[in-house]
Amino acid sequence: MVSTESARKIITLRTPLRYLKGVGPERYRVLMKLGLYVLADAFYFFPRRYEDRAPIKTVSELGDGEKQCVEGVVAGLGLIRIRNGRSIFRVVLSDGKGVLFALWFNQPYLAKVFMPKSRVIFYGKAERQGRHLQMVHPEYEMVPEGEGPKERIHSGRIAPIYPLTQELHQKSIRQLLFHIVREQSFLLADFLPAGLRKRQGLADTLFAFREIHFPGDFSRLERAYERLVFDEFFLMQTAVQMKKKEMETRNEALSHKGGKEEIGRWIGGLEFSLTAGQRQAIQDILSDMKRDRPMNRLVQGDVGSGKTVVAAAALFFTAANSFQGALMAPTEVLAQQHYFNLCELLEPFGITCGYLAQSLSEDKREEALQGIAEGRIQVVVGTHALIQERVRFARLGLAVVDEQHKFGVFQRANLKEKMAGSAHFLLLTATPIPRTLAMTLYGDLDISTIAERPKDRRPVRTFWVGEDRRTEVYALLDKLLAEGRQAYVLCPLVQAQSAERKAQSVEAEASLKSVAAVHRELSEIFAHRKVGILHGRMKADEKKKVMQDFKERRIELLVSTVVIEVGIDVPNAVMMIVENAERFGLAQLHQLRGRVGRGSEESFCVLFSESSSPETVERLSAFEETESGFEIAEKDLGLRGGGDILGERQHGLPKLRIGDLVKDMAILERAKDEAKRVVGEDPKLGRPEHRLLKRALVERFQVSSEKLTALA
Ligand code: ADP
Ligand code: MG
């Protein structure tokens, strides 16, 4: 296996594949394209699927049509050259009772590969040609004299099929891996503590790698898969749990000791009674805040589940304990709305609220900054402006981030550090994500989930329609507006594309509705109504005015881009029309639909899309069928695959190599429990039995501490 020139080199998992026998510079170049640089990469290059080539048939047993293995002796062979350098190569295989013809077109070199009388296995589709059977371009494997079935790489066994590019043949990668697995597996250390492995009844590392590449049978393959998936999830969960532990530093000065009666009075004064989920979330938060270490909690709840009031309760509680509170929203439109609501909820209790955003005039900003620094402003609401250098709090007790998914996971560590420092930290997210994903992405957080929406809500009636229904839809819209209701029309683009891009993709973009064009059109059709427009390129104060006008019904129909997507709360709006709905992801559509159905009136969501691509059809029909954010998230995960979503959201965290967040949920749960246990007993993994685990973690997350903080 080791080439002569490097025979003296000691092979390790970090040894470049280049130094293995049979890997020349050309092959190495192709391997690198597949992400295979060093020996370890090869072990982790898992098959995409397997073919059961174990049964070996005699010629007479071969059926028509399906791929199968047949073994025999080369009874005859011949190369026929035709014109223009083309050729047919033919092998006659005999198993003593019957014969089979194998044919290859234009592969004359095969004449040198097959020797008369040699033993060979073919794998391919057998077809009847007149009186005899033939296989065209079967895969072949020589059976050397006296070699047992164990030595077979490609046939007579369950064969791994690797994810490959055109440049590399299955046979050659399979061969390479066969030798690596057979000869170098001893290098793989088992990083699971023996007790854990036993408790979980998991296979050992050697077995796992051997069987995942070259399974002895399907039940061994299953055990190998279980072990490797467990490893992958376990490492990730261990990293997450370590991060979590690390954040739990004690700080007596943070403890919120008072405010119990006040918060009771405040809740009693709300104009509605809280749902059970809201109540529980508030209780979780208050008990976190009473402790002397920083809260790090995520409140997860579907659109419209009423997360704002939960945040308000926490902010009230911090103010009642003479701390300051801050709430950050991803857009100015939303920040503005929160400010407005919080003033209403908190000022009657003598709590002073402030607002901070980029759009403030210089004077106003100075004033706000000073108010924050001096502690006069007790609760401040704002945008990213809140995490800028110049913001200094007198005594920050709680930082809240609304719609945290908008900020991305990678920024979370940053957010916490910049915004909360060592204060209590609360995140709100409206994107309900499947449990498995939550455990991976948010494993280091405590989570409160608000499962139900306030009772008086009615389901939003959802329709996916084509152009032929437009008149009907407008008639319904007109009727609703006449009843004093309001509506949104959502478009994917701000303006017609620039001339240059337009030229490139005229057809694709031609049917896209631009917000300006739709606004013009609807202003004519609904000339008797007040039609407004809102998009990302407007100035902040223009946007603010439009939202205010919509809120106060000076605008009845609002044509908008996705600026509207997050958090906007206008209960009188009962219809959401989405143009070019195929352009939006499932989660985004769900957010959009969440803008309506906020009051007690019947609400509608209409998706216009002419697209007939199977993917769109599946997405939009799924969306029509369910209103549950969790179901939609599961569906989304199923459609796009766990790896994708994770990769995208994680921003730089390693992608899953083998585990599947949908399929392997049970293993993930087990891995999480064990990770918790290990980190609970040995937070810094200093014990000897955790030495290999620690090393595996550093290797897996490469730049250890840097990447590990990304999980926070
Ligand atoms: P989201 O979870 O999407 O942020 P909001 O906090 O914006 O939801 O709440 C949506 C609407 O529901 C708001 O108008 C809010 O006042 C109202 N609301 C919140 N909680 C309740 C409740 N328990 N009963 C009735 N209405 C509620
Ligand atoms: Mg909200």
Side-chain angles (χ1 to χ4, degrees), residues 263 266-285 297-316 327-346 348 381-383 400-407 426-433 447-460 485-486 488 547 550-553 562-574 576 587-601 603 605 627-630 632-633:
I263 187 87
W266 182 83
I267 289 173
L270 291 172
E271 60 184 20
F272 43 72
S273 57
L274 296 172
T275 64
Q278 286 171 323
R279 230 173 258 284
Q280 184 60 51
I282 292 175
Q283 201 179 315
D284 292 345
I285 290 167
R297 182 171 291 277
L298 175 78
V299 173
Q300 193 186 9
D302 211 346
V303 217
S305 60
K307 292 179 294 295
T308 314
V309 69
V310 172
L315 290 165
F316 176 90
L327 170 67
M328 182 164 75
T331 66
E332 187 142 3
V333 172
L334 186 55
Q336 193 68 40
Q337 177 188 289
H338 280 326
Y339 173 62
F340 186 81
N341 286 341
L342 284 174
C343 286
E344 222 163 277
L345 285 167
L346 302 178
V381 183
T383 56
V400 186
V401 177
D402 191 22
E403 308 285 353
Q404 84 84 26
H405 57 282
K406 286 278 152 192
F407 295 95
L426 179 64
L427 299 160
L428 309 181
T429 185
T431 321
I433 55 176
I447 301 186
S448 302
T449 303
I450 307 179
E452 78 275 58
R453 301 209 282 168
K455 284 200 183 49
D456 54 349
R457 301 281 163 72
R458 291 213 264 163
V460 177
R485 309 280 151 233
Q486 290 163 283
Y488 303 95
M547 275 322 295
F550 190 63
K551 214 163 181 141
E552 286 158 20
R553 299 199 203 177
V562 284
V563 210
I564 214 73
E565 183 192 338
V566 290
I568 297 305
D569 183 35
V570 178
N572 191 48
V574 296
M576 168 65 66
Q588 204 173 22
L589 285 174
H590 182 65
Q591 285 280 325
L592 289 172
R593 178 165 57 186
R595 299 305 114 218
V596 297
R598 301 194 144 233
S600 50
E601 298 296 321
S603 296
C605 176
E627 221 190 315
S628 147
F630 285 94
I632 284 173

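The figures here come from the full heavy-atom set of this structure, side chains too, leaving out hydrogens, waters and symmetry mates. As the structure lists them, so they are numbered: ligands from 1, and atoms in each ligand from 1. Bear in mind that the values here come from a model prediction, so they are computed numbers and not experimental data.
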With F550 via ring pair (Phe, Tyr, Trp, His ring centres under 6.0 Å) - residues at least two apart: Y488
Side-chain contact, heavy-atom cut-off 4.5 Å: L345 with L315? no
So if I count the atoms of ligand 1 from 1 in the order they appear, which ones are less than 4.0 Å from some heavy atom of V303? 3 (O)
Which atoms of ligand 1 have any heavy atom of T275 under 4.0 Å away? 23 (N)
Is S273 touching ligand 1 with its side chain, its backbone, both, or neither, if touching means heavy atoms under 4.0 Å apart? backbone
Within-shell test, G594 vs ligand 1, heavy atom, strictly < 4.0 Å: no
Residue that, paired with I447, satisfies side-chain contact (heavy atoms from CB on, under 4.5 Å) out of V299, L427, L298: L298
Gap separating the CG atom of L334 from the OG1 atom of T308, nearest 0.5 angstrom: 8.0 Å
Sub-4.5 Å side-chain heavy-atom contact between W266 and L346: yes
Side-chain touch R593/V303, heavy atoms, less than 4.5 angstrom: no
When you measure from the heavy atoms of A430 to every atom of ligand 1, does any distance fall below 4.0 Å? no
Would you check if R453 and E627 make a side-chain contact, meaning some heavy-atom pair closer than 4.5 Å? yes
Which residue from Q591, R453, K307 reaches closest to atom 2 (O) of ligand 1 through any of its heavy atoms? K307
Could you say whether the N/O atoms of G304 and ligand 1 ever approach to under 3.5 Å? yes
Going by the order shown, which atoms of ligand 1 are within less than 4.0 Å of some heavy atom of G306? 1 (P), 2 (O), 5 (P), 6 (O), 8 (O), 9 (O), 19 (C)
L274 N/O to ligand 1 N/O under 3.5 Å: no
Just to be sure I read this right, does ligand 1 sit under 4.0 Å from the backbone of T308, its side chain, both, or neither, counting only heavy atoms? both
